Every structure is written in C-alpha cells, then in structure tokens.
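Predicted, not measured: the structure shown is a model, and the values here were computed from it. Letters A, B, ... are given to chains in the order of the sequence lines, protein chains preceding strands, and every chain is numbered from 1. Note: hydrogens, waters and symmetry copies are ignored here, and every other heavy atom, side chains too, is used.
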Amino acid sequence: MGPRSLRAVLAAALWVVFTALAEVGVEALIAHFPVVASSQGELIDETFALLLRLTAPVFAFVVTVLVVSVLGAAQARREAASGPARYPRDNRYFSWTWFVVSLALNVYFVFGPGVTDVEAIVLGHDRPASGDLVVEAQAHQWGWDFAYPELGITSKTLVLPAGREIHFVVTSKDVIHSFWVPAFRVKMDAIPGRENHLTVTTTRVISTNDDMTARVQCAELCGLGHPNMRAGLEVLPPDQFQAWVEKTKSEETTTSGGR
Amino acid sequence: MGSALRGFLHAPLLRAVVWAAVGYLLGAGATVGLAGGSFLDDLPVIVGYAVALLAWILGIGGWEAFVVPWFGGPYRLDEGTGRSRYFRFNTDHKVVGIQYLVTALATLLLAGGLAMLMRLELMHPGFQVFGGPEMYNQVVSLHGSLMIFAVAAVGIVGGFGNYVVPIMIGAEDMAFPRLNAVGYWFVPMGVLAFLSGPLLGGWESGWTAYAPLSDTDGTGQVAAVLGILTLGISSVTGGINLLATVHHMRAPGLDWRRLPVFVWSMVVTAVLNVAFVPFVGTAMVLVALDRVAGTNFFTKDGLPLVYQDLFWIFGHPEVYILILPGFGIVLELLPVFARKTLYGYRWIVGGLLAVMLMSMTVWDHHMYTTGISNARLVPFMTTTELISVPTGLVYLAALGTIWGGRIRLTTPMLFALGFLFNFLIGGLTGVFLADVALDFQMQDTFFVVAHFHYTIMGGMVFALMAGIYYWFPKMSGRMYNEALGKVHFWWMFLAYNATFLPMFWAGVLGMNRRVADYLPYLEPVNEWVSVAAFTLGASFLLPAVHLVYVWARGPEAAMNPWASRTLEWTIPSPPPKENFREAPAIVDFYDYDGAEDVELPLPPRPLPMPGVPVPGGD
C-alpha cells in the first residue's frame, strides 16, 4: 500500500472514530434538552435531534481532513522530495460525489423534516379549528394580557388545560413583540395592525414555578422593558383548569359588580 | 510662526473638521430658525448632518479634487507624502486600502470593548453595569451597528479590496481613483454618526432597527439611520469602482479564467453591494420620513412588516458581502501554505457565483415567525437550505487543496484553518435555522447569536486576521514575529470557541437575545461565556501592540516571504506608487506542481525565488 492510499485509509478510520465521538456528544446533548410540553415541541425536538445526528458526520469529515492533512504534512514533504510532485486540479469522482451528496442531504432536509413539520405545525392553523381553546395573547410595552373569548375571562398569567389544542391569536398594541414559550418550542411575533395565529397542543402539566422554561417570554426587542417582559404559565389538569375558570369568572363578576 | 499656523489650519483633516462643525451648526441652526424646536430634534440633526457631511468631504479635499476643476480651475490636490498621506484625500489605492483597514480595526477594538461591557452586564442576572436596560440596549445597538456596517462590511472589502485587488490584476490603481479616495472619507463620518447616537439620547432597536420601534425611540435612532446611509454610500461607490477596475484594468493575458480567487470573491461581493445596499438605504429614508414627516410607512397604522422585507432583502445578501471575501482570502492562502496546486478552481468560481445569485433569494428566513404567508415558508426554506451546496464547494476546494499538502503552519495558515473550523460550525448551524419549525424555537435566541458570530467573527474576522498577517510584509515591508503571531492565533481560537460554543446551548435552554437581564437559572452558562469573552477580548491586545510595533521597528521582510505566485509578490514591499514598472507576466497563480519545499517565511532577499518555476511558461 503506497503512502497516499495509506493516508486515505487512515482518514477513513479516523472519520469513523470522530463520527462516533460526535454522535456520542450529540446524544448527550439530546438527553439534556429542556423539558418539552407541547406536541409541536416534541416534533421540533425530533427534527433538532435528526439534524444533529445527520450533520455530525459532515462535521467529523471536515475535521478529519483538517487533522490528517496537518499531521500528514511531514509525510507529504517526504513524498514530494522523492520526485517532482504533480497535484490534481480536480478529481471528478470526489467533486461530483461531494456535490451530489450535499445536494441530496439538503433536499432531504427540506422535503423530509422541513416540509413535514410545516404541514404539522403551521398549515391549516391560521384560524381556530372546532374544539380549540382560543386564547388572545395581546402584547404591549411591557407585558402580556390573555383573554379567553369563549369563556369570557381575562388573565395576566397564561393558564391552560393539559392535553388540549390551544389556538393563540397574537396581537400587539404598540411595537413588535414576540410570544414565546420555550417549553412549547414555538414563538409567534405580535405585530401591531395584524393578527397572527399559533396552535399549540399541550401535552403535560407544567408551571413556571417548577420549570422556568415554562414561561411566556417576549422574544423580539421591544424597548426598555424587553428583558423582563414575561408572564407566568400554568398548564393544569383539565378539571383544575375548569375550576380555575369558574373561580376567575366569579371573581370578575364580583369586581365588576362592586364598581 | 504665522505660516506654520496657516499650514496647520490648511491641513486637510483639520479643515474638514472645522468645515463640518460649521456646516452642522449652519444646517441645524437654519432648521431650528425656520421650523422651531431644539437642536437635538430629529430634523435639525438630519439637516445639520447632511450639510456637515458635504462640508467634511469638501474640506478633506473634495473641493480641490472635484469642485475647482469642474469649474475650470487648476487641479491642485496635495496628496501629501509619508505618513501624512493617510490623513488626506489620497488617490493611491494602497493608501486608501490602509485607511479602510486601520479604520475598521480601530472600530473593531472599540465595538469589541462594547461587547466586553455587555458580557460584564450579562455575567450575572440583574443589573450590574448599566443600572438598567436603557444603556444596555444602546450598547447592544452600537456594538451591532458598528461591527456590521463599519467593521465586517469594510475591513476586507475596503482594506484588501483596495490594497490587493489592483496589484493582483496587474493594474496601477483602481479605475476611478478619486471616487476611491472620496469613498473612504465617508467611513469616519459614518462611524462618528453611530457614536453620536448615545449623545442624542441613544437608540435601542439594534442594528436591525425594526420599525415601529425605530419610529418611536430616541433621536439617537436618527444617528443610526445617518450612519447606515453614510457607510452605504461608501459601499456602493467602492463596489462600482471594483467592478470597473476588474473589468477594464486587468493586465494583458489575465483573462477571467485565471483571475485570482480573492479577486473573484471581491467581484461577487461588489455586485451584491451595488445591487442591495440601496434597499437598506430606502428603508432608512422611509424610517426617517416616518419620524420627521409623519408618513406612517412602518408605524402601527402602516405596514411594519414591509420594513423587515426591505431590510432583509438587503440584509441577507449583506451577510454574504461579509463572508465571501473571507472565502476568497482563505482559498488564496491555502495553496501557498500547503505548497500544493489549488483544487477545483472552476468549482470555486461556480460556487461563488451561485452563492451570489442565491443570496438574493433567501431573505424571508429571517421572518418565519412574523406570521408571513404560508406560501413563503417552504420556498424560502428550500433556497436557504440549498445555498449550503455552493457554500460547501468552498470547502470542497479547501479540503482538496490541503489534502496531502506540504502544510506550513505559519500564522496566516493557522488563521485560515481556524476559519475552516469556525465557519463549519456557523454553516452547519445555519442548516438548523433554515428549518422553519426549528426556527420557531431558535429565532431570537442565543442560538442565533452564536450562529452569526460563528460566521462573521469566527469566519470573517479570522479571515481578516489571516489576510493581515499574510499581506503585512507586503504592505509594511517588515516582518512580524511568528511566535507572537502563533500565540495570538491559539489564544484567540481557543477563547473564541470557549465563548461562542456554549451560547448555542444557552439558546437551547431558553436564553433570548438582546436582554440586559435574564432569569437566574441561566446564570451558570452566562458566567462561563462572560469569563471566556474577557479572555477573547484580551487576545486582541497582543496583535494590536505587536503589529503596531513591528510596522515601525520590525525586521525587513523578503519581497516574497511566502514563495507565493500571485502578482503582488512580484513587486517590492511596500510597492512603489505605480506598482509595476513593466507589464507583469501572467502565470497560473496556483500551480505548485514541482515546486520545491521551502521553510516559510523566507528570510529577506533569497536569490532567486526558490522552487517556483520561471513564469511565462504558460
């Protein structure tokens, strides 16, 4: 085996090792993803994990070539010293393989997870479906107001039932804000003069008090109060949610009756 | 005594400052006189600045260079000699290049210092440094605006684009030397405009200046608008000039198929500059009109999202304006330091052209979460994912070139390899952000912050450093210290990755961007990032001292210390005013077949240049 093919074999072996190491790291990251509390979020985490797993070998390949080339420089010098070097200006098999593989990977990224997720998360959700709980999330400098038009109540904290499709109508009174719940993995900008729509299917009981990623956070720079433009989030079991609705209704009646 | 004072007053820089100050007072004063209000309102600032900018350009030499000869007067422009050339209206592309480069580097240090303040504030939750979000938002805005518009868009394009490109193509200067000279002098005024923002009450909408926030925040926003417009003028004139230069002034025999890859990268960058900077100019003018004339283009009664479309139609080609020159520098250096023929020249040129074209079609990936029509989502996701194919061709060529190469790990080569590592992470995470669903989570988090710093700082700034060390002996005639250069690289490379890699994770954990305060559960990662960032910031002090010192006192450099084959290395260091005394011989610049192995850098005056076949064979 000549030194050149030896280099290729070594590189192939190293690529396998680096890919394995990268995949181990990737799996460790995936295991430490923060808690997810919506079915949309589960889908997004899956896509995140898939892309991490698929890009790890690409990363490992480039790093392998960098390492092997640098460490093999002395050997390359010895090879070149034995006769006038001739270097390829192109290796059509390598180049076309590279081109086709990178094209195929990217086409897969689009028409695999990309389009599937858009269909699941976005398409058809620009108006509430029957059975959705509608919540109007209105942003202002600097805070959130939540209204439940079907239930006739409002709240400063976002309270939701678990295991239900929630349809958010996101609006703004002044500048652009963004409605984001990290634990749901989705955000939607609140833009003055328009209604934006976002559907979230809650999957578990969760509270800001227990997990800080379960919070409503403004994600678009909106001025001085931006960093702390947050609201609490409570995802309750359906019966407790119903109890909260009743309690809030009676309180609102009492306060408005007292005026 | 009297003549010395007169000479001082006639020194162009001083005259420009005086004229600009007087112009500002006249413009702003007249506006206040006619329209009322205060000197610090939007309209007086705009009018005052416009007059000041004109007066500044005339004062620095525009009067002698343009106005007097236009009206039939004599062309008597004193371009200065020695160091004073750099403080004057000077038409030598090499002087202009160094003007751009030094200005960009000084701004880099300044805006980097602002980043240090930001990291100090973010080290712990609560408000430590700025006592509240107001100052922090201004510092974020200033850091971003300066870094994008006055460093990243200017450093390589203005610096090496002007200094190196004409020499690389065998020309004696740019096609329009006076346009080149005047183009530079917009830059200091643009930087000053940004810096005046905090004095005018600041602006807090970031470098993206999203409306309607930018319609309503302080008068400092006007400073940002004027800064962007001013630097934009420089970018457009520079782009026109570069295209004309490469098209018309190539040495005989240097056809497009032999053009150095760095020149190719500058050509595609120039096309993007000329075509797309006007879009951000339009957006800025409309924001200014909203503010002073109540036009409601982007207010809540207008169309706020149209601002974002205009901004990103510019903004996404812009990020390629920042990185394409970096690709050019790295691909230029790899064959030299691998002592190996460049791999895949045609793939590179095809890749650069494809990136240029596709960069015009991806802008809405900044707007997935704005509630844009569903009809936009999949098309923009497709173009955004696919642009990594031509970008990947740069890696194809880079890896093909270093594979089996006789690599010499000099400082420029280390930075070039560091670029390949960093930009790889930046590029791959771009694949994640191109995905619509994933972007619903990642948009406006530190994942995005880490991603674009990996492309711009890990990419563009590392390429800039590679270029600085590579061309330093050519520009100064002196050699830097290799050991200090290598310390700089390893310090910066390690600190860089220690700073920005954890930021991806901060984003995953739920850290949103542009915040002066955050929840306590995010403290550990932020503390780590801050400490690493201070280490990174400190790494810039070493080259700042080192390079200034060796520019003045360093040992003499060889004419061609890298045994490189491109044309700038065939002339003395620093090059004479006219660059070439005779028509340069055009060879295959990247042919290292049969080249002898040499230790780099070569000592001064190696006779003859070892190992490289005599030019002229092809």
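Checking Asn228(A) against Arg230(A) by side-chain atom types alone, a donor-acceptor pair falls below 3.5 Å. With hydrogens and angles left out, the side-chain atoms of Ser102(A) and Trp98(A) include no donor and acceptor closer than 3.5 Å. No side-chain donor-acceptor contact under 3.5 Å links Thr299(B) and Asp301(B).
Among residues at least two apart or in separate chains, ring pair (Phe, Tyr, Trp, His ring centres under 6.0 Å) pairs with a member in residues 179-198 of chain A are Trp144(A)-Phe179(A), His167(A)-His197(A), Phe168(A)-Phe179(A). Applying the ring pair (Phe, Tyr, Trp, His ring centres under 6.0 Å) test to residues at least two apart or on different chains, the pairs with a partner in residues 504-523 of chain B are Phe447(B)-Phe504(B), Tyr454(B)-Phe504(B).
Proximity to chain A (any heavy atom under 4.5 Å) is shown, for Thr384(B), by neither the backbone nor the side chain. Looking at Thr208(B), there are no atoms closer than 4.5 Å to chain A (heavy atoms on both sides), in backbone or side chain. Leu303(B) does not touch chain A: none of its heavy atoms, backbone or side chain, sits under 4.5 Å away. Of the atoms belonging to Leu377(B), it is side-chain heavy atoms, and not backbone ones, that fall under 4.5 Å from chain A. Looking at Arg346(B), there are no atoms closer than 4.5 Å to chain A (heavy atoms on both sides), in backbone or side chain. Within the 4.5 angstrom heavy-atom criterion, only backbone atoms of Ala211(B) (N, CA, C, O) approach chain A. Looking at Tyr395(B), the atoms closer than 4.5 Å to chain A (heavy atoms on both sides) sit in the backbone and in the side chain alike. Proximity to chain A (any heavy atom under 4.5 Å) is restricted, for Gln308(B), to the side chain, taken from C-beta onward.
Within 6.0 Å of CD on Glu134(B) lie no more than 12 heavy atoms contributed by other residues, nucleotides or ligands.
Residues meeting the salt bridge (Lys or Arg N to Asp or Glu O under 4.0 Å) test with Asp217(B), sequence neighbours left out: Arg291(B).
Contact annotation for residues 171-178 of chain A against chain B (heavy-atom separation below 4.5 Å, listed by residue number): Lys173(A), Asp174(A), Val175(A), Ile176(A).
The candidate from Ala516(B), Ala398(B), Gly405(B) with the greatest count of non-hydrogen atom pairs under 4.5 Å with chain A is Gly405(B).
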